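Following: one structure in structure tokens, then a few remarks.
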Protein chains: 2
Amino acid sequence: MIFSKDRRLLTKMDNLTVGRARPRDRIVEKARVLFHKYGIRGVGVDTITEAAGTNKMTLYRHFDSKDDLIIEYLRSVACDMNATWDHLEAEYPDDKIAQLRAWVRGAAECVVNDDRGCDIANAAIELTENGHPARRVIREIKTKMRDRLIKLCREAGIEQPERLTDALALLVEGARVNRRSIGPDGPSARLVEIAEDVIESFRKNCPD
Amino acid sequence: MIFSKDRRLLTKMDNLTVGRARPRDRIVEKARVLFHKYGIRGVGVDTITEAAGTNKMTLYRHFDSKDDLIIEYLRSVACDMNATWDHLEAEYPDDKIAQLRAWVRGAAECVVNDDRGCDIANAAIELTENGHPARRVIREIKTKMRDRLIKLCREAGIEQPERLTDALALLVEGARVNRRSIGPDGPSARLVEIAEDVIESFRKNCPD
DNA sequence: CGGTATAGTTACAGACCGGTCACACCTCCG
DNA sequence: CGGAGGTGTGACCGGTCTGTAACTATACCG
């Protein structure tokens with residue numbers, strides 16, 4: 001093992017292979033943690049780079065601006081969300097209703113385990129400037145998610161897939177933001193039962 | 001009419017009676033407009049005082065800090081929400097179901113006419129610091145609103161008033177934040193029909 | 001070994017932030 | 001008239017923010 005003067009790991013190979021990622025990836029990783037916890041406007045680039053064990057110049061070599069980093073942050077979050085969805089499909093390959101129920105349960109679990117809300121929605125609220133480049137990205141991400149949920153509902157044999165999707169989207173989104181206002185004992189605690197009721201009522205309408 | 005050197009209205013009586021309110025009230029009024037549009041963290045005290053036609057010293061004579069002003073801002077918003085609710089009760093004095101339906105329609109109208117979301121929820125998201133004094137106020141306001149909705153549902157003869165309240169709260173809250181992410185054509189457009197369906201399904205469960 | 005790309009360091013610019021100070025001003029009321 | 005209280009003005013403090021510049025150090029590859 002090779003150490004530098006101050007005894008930190010140093011070789012580029014180490015950075016690539018042994019746990020320590022490239023500065024760019026470390027920056028995005030820490031930006032996710034900090035933006036999530038303190039909000040986008042609540043975290044400066046200095047804080048991010050320090051947490052990532054690097055410095056501001058390196059950040060600005062990889063990103064044109066903080067806004068650029070914000071976009072990368074949002075894409076990274078969306079990527080993870082898609083991954084968990086893929087995992088869901090793999091878990092119940094042929095049972096679409098089970099996938100739908102698991103999605104609801106997963107969303108509810110996410111609400112319970114983390115009171116800081118949805119990164120995408122939070123960003124939409126925090127970035128008030130209408131022409132902000134991230135707003136387009138947010139819209140894209142949310143639209144794709146919605147389309148994917150519609151598709152799932154349709155494949156599950158729901159008669160009005162768009163409508164059930166929207167109902168579930170509103171409930172989940174509402175739960176995440178409501179929990180941040182009232183806390184864990186508020187309406188968000190009932191998300192699963194309410195959502196399951198809604199799904200059931202939509203299934204009843206299907207002659208099957 | 002008396003004018004000062006620079007030809008603005010000046011007497012204290014004028015401030016009280018002829019449209020121009022006291023500096024304190026003007027500050028809160030402009031804070032509401034600006035916080036709503038640009039977010040709490042997106043507006044400095046200088047901007048507020050300038051919009052209110054006054055100055056920073058006067059602000060700090062009436063409020064201990066910006067946080068103090070934020071709290072007053074939230075209380076002011078909550079006061080207006082209560083007022084519209086009172087108005088609703090006066091409009092349908094004996095028909096609680098009509099009040100409930102009107103509340104949903106009013107909330108939906110609010111969502112449609114204004115894409116910047118609920119001030120209270122936005123503040124909850126923006127103020128990430130857990131010990132922030134405004135967080136307690138937010139919790140109080142939201143809890144009172146919830147209690148009032150529960151009471152209305154109960155008086156309307158709903159069998160599970162808490163459950164319907166939470167369902168509606170999640171839907172409305174979700175609609176407001178979702179609209180800021182996806183825009184007017186997203187799930188929020190279907191808020192009314194979904195909410196009315198939910199109310200109806202809860203009424204069916206009542207033997208009446 | 002030498003060239004090139006990447007990363008670290010330090011310092012700085014310019015703007016904005018919340019908050020304070022001293023002082024002048026105005027209006028009302030006794 | 002004169003004092004008291006609310007208000008306006010401009011300067012200022014210390015801190016933080018995004019973003020840049022110049023220079024150094026390191027690692028990889030031919």
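Throughout, protein chains are lettered first and strands after them, A, B, ... in sequence-line order, and every chain is numbered starting at 1. Note that the structure is predicted; figures quoted are calculated from it, not measured.
- Between B:Arg163 and A:Glu193, the closest side-chain pair of non-hydrogen atoms falls below 4.5 Å.
- Taking atom CZ of B:Arg22 as the reference point, atom P of D:dG8 lies 13 Å away to the nearest angstrom.
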Q: Might you work through the side-chain contact (heavy atoms from CB on, under 4.5 Å) test for B:Leu34 and B:Thr47, ending with a clear yes or no?
A: CA-CA 9 Å; B:Leu34 292 167; B:Thr47 310; 4.2 Å; yes
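- Between A:Arg26 atom CZ and C:dT6 atom P there is a gap of 15 Å when expressed in whole angstrom units.
- OP1 or OP2 of D:dG8 has at least one side-chain nitrogen or oxygen of B:Thr58 nearer than 4.0 Å.
- Side-chain contact check for B:Arg176 and B:Asn122: no donor-acceptor pair (N or O, by modelled atom type) lies under 3.5 Å.
- Counting only N and O atoms by type, the side chains of A:Asn178 and A:Ser181 include no donor and acceptor under 3.5 Å apart.
- For A:Thr54, a side-chain nitrogen or oxygen approaches OP1 or OP2 of C:dG8 to under 4.0 Å.
- Between A:Asp166 and A:Arg146, some side-chain heavy-atom pair lies under the 4.5 Å cut-off.
- In this structure, A:Phe63 and A:Val28 have side chains that are in contact, with non-hydrogen atoms separated by less than 4.5 Å.
- Fit an axis to the five pairs at each end of the helix from C:dC1-D:dG30 to C:dG30-D:dC1 and the two axes sit 0° apart, to the nearest 10 degrees.
- Within residues 33-50 of chain B, no residue has any heavy atom under 4.0 Å from DNA chain D.
- Side chain to side chain, B:Ser76 and B:Arg32 meet the donor-acceptor criterion of an N or O pair below 3.5 Å.
- Within residues 61-76 of chain B, the residues approached by DNA chain C to less than 4.0 Å at the level of any non-hydrogen atom are B:Ser65, B:Lys66, in residue-number order.
- Ranking D:dG8, C:dT20, D:dG19 by closeness to the A:Tyr60 side chain, first place goes to D:dG19.
- Rounded to whole angstrom, the span from the CD1 atom of B:Ile27 across to the C1' atom of C:dG19 amounts to 14 Å.
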Q) Please walk me through it: do B:Arg61 and B:Lys56 pass side-chain contact (heavy atoms from CB on, under 4.5 Å)? A) CA-CA 9 Å; B:Arg61 281 189 195 104; B:Lys56 196 154 51 170; over 6 Å; no
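- For the pair A:Met57 CE and D:dA21 C1', the interatomic distance rounds to 8 Å; values are reported in whole Å.
- Taking the side chain of A:Asn55 as heavy atoms from C-beta on, and the options C:dT20, D:dT18, C:dT9, the nearest nucleotide is C:dT9.
- Residues B:Met145 and B:Trp85 are in side-chain contact: their nearest non-hydrogen atoms beyond the backbone lie under 4.5 Å apart.
- Side chains of A:Asp68 and A:Ser65: no donor on one and acceptor on the other come within 3.5 Å.
- Looking at A:Glu29 and A:Arg22, no side-chain N of the basic residue comes within less than 4.0 Å of a carboxylate O on the acidic one, giving no salt bridge.
- One can place NZ of B:Lys56 at 14 Å from P of D:dC13, the figure rounded to the nearest angstrom.
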